[in-house]
Asks: 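Right, I'll just put the structure down here and ask away after.
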2 protein chains.
Amino acid sequence: MDDPLARYPGYSLRRAANATGAQLSVRLADLGLRQADASVLLILENSPDITASALGRRLDIQRANMVPLLKRMEEGGLIQRRAIDGKSQGLALTAKGRKARNAAQECIEGFENELLARVPAQHRAHLLPALNALWHDDGAS
Amino acid sequence: MDDPLARYPGYSLRRAANATGAQLSVRLADLGLRQADASVLLILENSPDITASALGRRLDIQRANMVPLLKRMEEGGLIQRRAIDGKSQGLALTAKGRKARNAAQECIEGFENELLARVPAQHRAHLLPALNALWHDDGAS
DNA sequence: CGATATTGTTATATGCAACAACAATCGCTA
DNA sequence: TAGCGATTGTTGTTGCATATAACAATATCG
């Protein structure tokens, strides 16, 4: 093989993210969800009445791109909007959304475990902290 | 913050890949290159007369999607095609392509070093092998 | 030879993200 | 309190990456 690209962490990062992301997408599709949907569901549980803009900032999605996402989830009966003031609206899970959230969490945690199982034991504990260092407080750099 | 998503390696993987990929894209754009272009240039150096299909398999890009990629690079004078037989054509760097390859490699290696510098020292050496385990021989799973 | 696989290509669809603009509204301050 | 700057939700548009289906030409192998 002798792949010169496999020596670059950045390239491996991209390939690994593409490969694993595609696999997760297949499983989430069985629940009728996309990755972004699942992220929203998980965040929403612990952030009652969060705003679409704030949610976008948390997930690093521009608020313009939140519109179709939230519209779809609202039409699917997963989330619900409630006016906070004349400008902002708070988001919340519906009962159906809570069920979807539980299914999504179970799906994701199972997948994450399989993911970690693929990593040789001596590297396993280092993966998450190393990855987090690459993007956490990235706006500060 | 208490972000429940940051506990999932898969999610951190996606975020890290997006963040770092965007940064690399900015730098490569200064050279008039995209990430896929740079990958092609680096592979081509050590794989004389590789086929478009084989190159696509190496980079995990469908051969249908190689067409516009290679067309653009050929029109940019970076690569050159040569008939191997009536069906296949071998790819090679032009002189201009070799210069672009050197610039791309310098750019990427500098970037990779900065990337690793962000990772705490005790995790640094584990990043690449852990990532490679996530996608290497992924078709076999 | 003849069936089968491969190659390069066209066309098309989808998901995701970026950018610019805009009206409405909020919050602070002079 | 009147006004100005910042924020919110939204629309529209663009570009990039990727996936699928189809097709003609050609290679490979039984």
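This is a predicted model, so every value here is computed, not measured. Throughout, protein chains are lettered first and strands after them, A, B, ... in sequence-line order, and every chain is numbered starting at 1.
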Asks: Does A/R72 CZ have over 12 foreign heavy atoms under 6.0 Å away?
Replies: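 Atom CZ in A/R72 is crowded, with more than 12 foreign heavy atoms closer than 6.0 Å.
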Asks: Could you check whether the side chain of B/N18 and the base of C/dA17 have a donor-acceptor pair of N or O atoms closer than 3.5 Å, going by distance alone?
Replies: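 Side chain to base: no pair present.
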Asks: What integer distance in Å separates B/L59:CG from D/dA17:C1'?
Replies: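 After rounding, the gap between these two atoms is 14 Å.
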Asks: For D/dA17 and B/R34 - does any side-chain N or O of the residue sit under 4.0 Å from the phosphate oxygens OP1/OP2?
Replies: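 Yes, B/R34 has a side-chain N/O under 4.0 Å of OP1/OP2 on D/dA17.
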Asks: Starting at the 5' end of DNA chain D, which residue's closest nucleotide do you reach first, A/G90 or A/R14?
Replies: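 Upstream on the strand: A/G90.
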Asks: Specify the separation, in whole Å, of atom CD1 of A/I61 and atom P of C/dG15.
Replies: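 To the nearest whole Å, that distance equals 15 Å.
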Asks: Should A/T51 be listed as having a side-chain N or O under 4.0 Å from OP1 or OP2 of D/dT8?
Replies: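 False: A/T51 side-chain N/O out of range (4.0 Å or more) of D/dT8 OP1/OP2.
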Asks: I want to confirm an ordering. Mapping A/D60 and B/A54 to their closest nucleotides on DNA chain C, which one lands closer to the 5' end?
Replies: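 Closer to the 5' end of DNA chain C: B/A54.
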Asks: Students often get this wrong, so: under 4.0 angstrom with heavy atoms, is B/R81 touching a base, only sugar-phosphate, or nothing?
Replies: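 The answer is sugar-phosphate, as B/R81 gets under 4.0 Å only of primed atoms, P, OP1 or OP2.
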Asks: When the distance from NZ of A/K87 to P of C/dC28 is rounded to whole Å, what number comes out?
Replies: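 The answer, rounded to whole Å, is 11 Å.
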Asks: Quickly work out the B/M66 CE to C/dT6 P distance and round it to whole Å.
Replies: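 Nearest whole value for this atom pair: 18 Å.
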Asks: If you define the side chain from C-beta out and look only at heavy atoms, does anything of B/H126 sit under 4.5 Å from A/L127?
Replies: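 In short, these two side chains do not touch, never coming nearer than 4.5 Å.
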Asks: D/dA6 P sits how many Å from A/D85 CG, rounded?
Replies: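 After rounding, the reported distance stands at 19 Å.
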Asks: Return no unless some side-chain N or O of A/S88 is found under 4.0 Å from OP1 or OP2 of C/dT25.
Replies: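 No.
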Asks: So, A/Q105 and A/R101: side-chain donor and acceptor under 3.5 Å apart, yes or no?
Replies: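 On atom types as modelled, these side chains qualify, holding a pair under 3.5 Å.
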Asks: Looking at B/R27 and B/E114, does any basic side-chain N land under 4.0 Å from a carboxylate oxygen?
Replies: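 Salt bridge present between B/R27 and B/E114.
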Asks: In whole Å, I'd like the distance from the CG atom of B/N65 to the C1' atom of D/dA22.
Replies: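 Spelled out: CG on B/N65 to C1' on D/dA22 is 15 Å.
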Asks: Is there a side-chain contact between B/R63 and the phosphate of D/dA22, meaning an N or O under 4.0 Å from OP1 or OP2?
Replies: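 Result: no.
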Asks: What is the distance from CG of B/L33 to P of D/dA17, rounded to the nearest Å?
Replies: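 Distance, rounded to whole Å: 12 Å.
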Asks: Indicate whether OP1 or OP2 belonging to C/dT7 is found under 4.0 Å from a side-chain N or O atom of B/R57.
Replies: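 Yes, such a contact exists.
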Asks: Report yes if at least one side-chain N or O of A/Q62 is closer than 4.0 Å to OP1 or OP2 of C/dA17; otherwise report no.
Replies: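 Answer no for this pair, as no side-chain N or O of A/Q62 is under 4.0 Å from OP1 or OP2.
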Asks: Mind checking B/R72 for me? I need base, sugar-phosphate or nothing, with any heavy atom below 4.0 Å counting as a touch.
Replies: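 It contacts nothing in the nucleic acid.
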Asks: Roughly, in whole Å, what's the span from CG in B/L69 to P in D/dT18?
Replies: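 One finds 9 Å between P of D/dT18 and CG of B/L69, rounded.
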Asks: Would you check if there is a donor-acceptor pair between the side chains of B/Q35 and A/Y11 at a distance under 3.5 Å?
Replies: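 Not at all, the side chains of A/Y11 and B/Q35 share no donor-acceptor pair under 3.5 Å.
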Asks: At 4.0 Å (heavy atoms only), tell me whether B/A36 reaches a base, stays on the sugar-phosphate, or touches nothing.
Replies: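 No contact.
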